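All residue numbers refer to positions in the sequence shown, counting from 1. All figures in this text were calculated on a predicted structure; none of them were measured in a lab. Numbering of ligands and ligand atoms starts at 1, following listing order.
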Amino acid sequence: MFVRSCWPLLLSLLFCNAFAKPSTKREVIPRDTGASSNFVTQQGDKLMVNGSTFNYIGTTAYWLSSLNTDEDIDFTLGNISQAGFNVVRTWAFNDVETIPENGTWIQLIQNGTLLINEGPNGLQRLDKVIELAKKHGLYILLSLTNNWNPRPLTDNIQVVDPLSALRLGARDVTPGTNNSLPRGFLSNDYGGMDAYVRQFGGPREHDQFFTNQTLINAFKNFTSQIVSRYANNTNVLAWELANDPQCSSSINASSSCIAQHVTQWHSDVAQHVKQLDPNHIVASGHQGFLCTDCPKLFPRVTAPPPRPSPRAEARRSVLPWTRERILKERKEAFKKTRALAKKSGQSGDGIRIRGRWVSTPTRRQDSGLGSAFDGSHGVDSEDIFNIPEIGLGSFMVFPDQVKYGPDDPNLPPFNNTVKQGQDWIRSNVDMARLFGKPVTMSGFGLVTQPNTQAFVPFNSSVAPFASDSNLAPQTPFATNDQQIDAYQQWMQTGILGGVQGMIHYQWMQPGLTAQPGTTISPDVTQAPTSPDITHTTSSPNDGYGDQDTAPLSSIVQQFAPDFQNRQGTVVV
Ligand SMILES: *[C@@H]1O[C@H](CO)[C@@H](O)[C@H](O)[C@H]1NC(C)=O
Ligand SMILES: *[C@@H]1O[C@H](CO)[C@@H](O)[C@H](O)[C@H]1NC(C)=O
Ligand SMILES: *[C@@H]1O[C@H](CO)[C@@H](O)[C@H](O)[C@H]1NC(C)=O
Ligand SMILES: *[C@@H]1O[C@H](CO)[C@@H](O)[C@H](O)[C@H]1NC(C)=O
Ligand SMILES: *[C@@H]1O[C@H](CO)[C@@H](O)[C@H](O)[C@H]1NC(C)=O
Ligand SMILES: *[C@@H]1O[C@H](CO)[C@@H](O)[C@H](O)[C@H]1NC(C)=O
Ligand SMILES: *[C@@H]1O[C@H](CO)[C@@H](O)[C@H](O)[C@H]1NC(C)=O
Ligand SMILES: *[C@@H]1O[C@H](CO)[C@@H](O)[C@H](O)[C@H]1NC(C)=O
Ligand SMILES: *[C@@H]1O[C@H](CO)[C@@H](O)[C@H](O)[C@H]1NC(C)=O
Ligand SMILES: *[C@@H]1O[C@H](CO)[C@@H](O)[C@H](O)[C@H]1NC(C)=O
Ligand SMILES: *[C@@H]1O[C@H](CO)[C@@H](O)[C@H](O)[C@H]1NC(C)=O
């Protein structure tokens, strides 16, 4: 049992009451009776399949459809399944702006036209991924596009040397740009929203993708083809509209980009997908950013009915996240840790941010809550969650790159990292309770010290890459043991809070076939110190992959049996 003490943090009172009591026996809730379907469906705040509730622990392998051989895909999915996961999240897009000489691609976006590649190095690779996932008992979560797609020489980013291009994690197709990371190595190198913006010749503003009908139609064209292809496939868990959709991106948004534009886009595209494919759930794929003071396009009209079950967590009161509540709970949590720190003589300073997902100050509403809560990112997850066609809530936990709130000055840096993640999980799960839909942690990860060299944040002016150490005080990256400790605590927080799914970011697979012009694979231990990258046989590692997957697998297997088959409360 890992409940070491009361939840020390943001929602301490509520969570303490709910969970601190020792749970020696499992409460078993009778199986839901509902229409039995071979598709994963949403029923109230549950996911159901084959007449039973379905929960998942998954991992991300965005590069799956870019693997060259069926055997490589088979090995990877076999290893993921063996590690205890039951879901794999992957990109269902691979946009290029010119047809590459080698390797796979799914869609050519060029000068305002789209062309889908249905050939053996196109959608047939994705077909194979889905087919082999079934063989290994894995459900597959398909993401339809990406918010990020930097191109150093053509976007807003000034590339001063080849090394900085590597660190920016971008790849330019222009010959001679010295960007030697293979195409598709980084998750942001599969095209996405900014590829449409670049190739449709309109204003070079990221939010054109959300607001311009020409681009919306183009994206709908793409989704039509992908979604209809797999609409009847029971192995697809759900459609994720985009990875990280938000105003900020590799191409700047216009100054008028606001959360409602991103919400409206979700509504529009979700309706489109649901029309083509009523079988599958539609999710967002955003990081869970809130906007407490934003006017809503989809206001919550009635309070959800009280939950009939005797589950402990159901007894918690359901309150909306307001500015006042957040500030009050933060203050109380700090007070508590200060008292504890005083007692034990410990203290800490925990200021960290490595800055991939920095939001632009102009959009900040400055409500004193911080960018994760005030709409700075151009995302209002509450408003998106209440779109009728969105059947599954999502949020992510990446404290190396996102600041979720003020650090607690009474805690050591690593504890702040863990706490920020836990508080963020609780904020999102609590929000989800207002709507009575399932909610999932669709990405979580922590960069480790051995992985620092492979970590490529968008913003290379931030330590550890910054030449100017005054830029941002940095705490060290986590050790391998700390990473696993954090993962364990976050997963536990998620399970206790009542999430329906959790997805690790990202899987790293050894023993693959290295081929030129493919993601397989530079020796990341040499990046970014050497532009002369040699090829190895490991899948991409963007700083979140683990060379040794055994510790990860052991925590997954610790939680998986109870959680994946959970009918009632899980003992952890
Ligand atoms: C649901 O049933 C299908 C078909 O029998 C099976 O392939 C799948 O594994 C089942 N899913 C779960 C989660 O048991
Ligand atoms: C795991 O991957 C390796 C290649 O790295 C492969 O040899 C092995 O068969 C895979 N295991 C399973 C269960 O698929
Ligand atoms: C792009 O498309 C426009 C109109 O559709 C056409 O006039 C132009 O020649 C095209 N440019 C290229 C480089 O193909
Ligand atoms: C979208 O699809 C329609 C019908 O297939 C086609 O006429 C149109 O050209 C496509 N749009 C783009 C931008 O490719
Ligand atoms: C993009 O936004 C950044 C941050 O606000 C700003 O410094 C930069 O000048 C902008 N670039 C362009 C091309 O507008
Ligand atoms: C590419 O690298 C070579 C050798 O380091 C350098 O001379 C050249 O200026 C670089 N080109 C660009 C576009 O960065
Ligand atoms: C919308 O996009 C099209 C194609 O990129 C462009 O020609 C048009 O100017 C854009 N409209 C607005 C209002 O920006
Ligand atoms: C899915 O199956 C249904 C019922 O068999 C069929 O009517 C529909 O056309 C199929 N959809 C696609 C996109 O294949
Ligand atoms: C910090 O975290 C470590 C590892 O999880 C734990 O052992 C320690 O008690 C924590 N310290 C405080 C002050 O919470
Ligand atoms: C990068 O981070 C630095 C330091 O936090 C910040 O001043 C700068 O605005 C960031 N740049 C971008 C493009 O976000
Ligand atoms: C494409 O593959 C061929 C044959 O393996 C190789 O010679 C060539 O260098 C590759 N091209 C690129 C751009 O990687």
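Remark: the backbone N or O of Leu114 is not paired with any side-chain donor or acceptor of Gln107 at under 3.5 angstrom. Checking side-chain atoms of Glu118 against main-chain N and O of Leu123 turns up no donor-acceptor pair under 3.5 Å.
Take Phe93 and apply the ring pair (Phe, Tyr, Trp, His ring centres under 6.0 Å) test, not counting sequence neighbours, and it matches Trp91. Qualifying salt bridge (charged side-chain N to carboxylate O under 4.0 Å, His left out) partners for Asp268, counting only residues two or more places apart in sequence or in other chains: Lys220. Annotation: ring pair (Phe, Tyr, Trp, His ring centres under 6.0 Å) contacts of His286 (sequence neighbours excluded): none.
Gln287 and Asp244 form a side-chain donor-acceptor contact under 3.5 Å, judged by distance and modelled atom types alone. Under 3.5 Å, the side chains of Gln422 and Thr493 contain a donor-acceptor pair of N or O atoms.
Taking the six-membered ring for Trp and the full ring otherwise, Tyr56 and Phe563 have centroids separated by 6.0 Å or more.
For ligand 7, the atoms closer than 4.0 angstrom to any heavy atom of Gln208 are 1 (C), 2 (O), 10 (C), 14 (O). For ligand 7 and Asn212, the ligand atoms under 4.0 Å from any heavy atom of the residue are 1 (C), 2 (O), 3 (C), 8 (C), 10 (C), 11 (N), 12 (C), 14 (O). Atoms of ligand 9 lying under 4.0 Å from any heavy atom of Gln489, numbered from 1 in the order shown and given with element: 5 (O). Every atom of ligand 7 with a heavy atom of Pro203 under 4.0 Å away is listed here by number and element: 14 (O).
Among protein residues, Asn111 come within 4.0 Å of ligand 3, judged on heavy atoms.
By the 4.0 Å heavy-atom criterion, Gln482 is excluded from the residues contacting ligand 9. Look at Gln213 and you'll find every heavy atom at least 4.0 Å from all atoms of ligand 7.
Note that NE2 of His206 and CG of Asn149 are 10.5 Å apart. Values are rounded to the nearest 0.5 Å.
With a heavy-atom cut-off of 4.0 Å, Val418 does not touch ligand 9 at all.
For ligand 7, the polar-atom distance check finds an N/O of Gly202 within less than 3.5 Å of one of the ligand's N/O atoms.
Using the six-membered ring where Trp is involved, Trp424 and Phe373 have ring planes that are perpendicular, over 60° apart on the 30 and 60° scheme.
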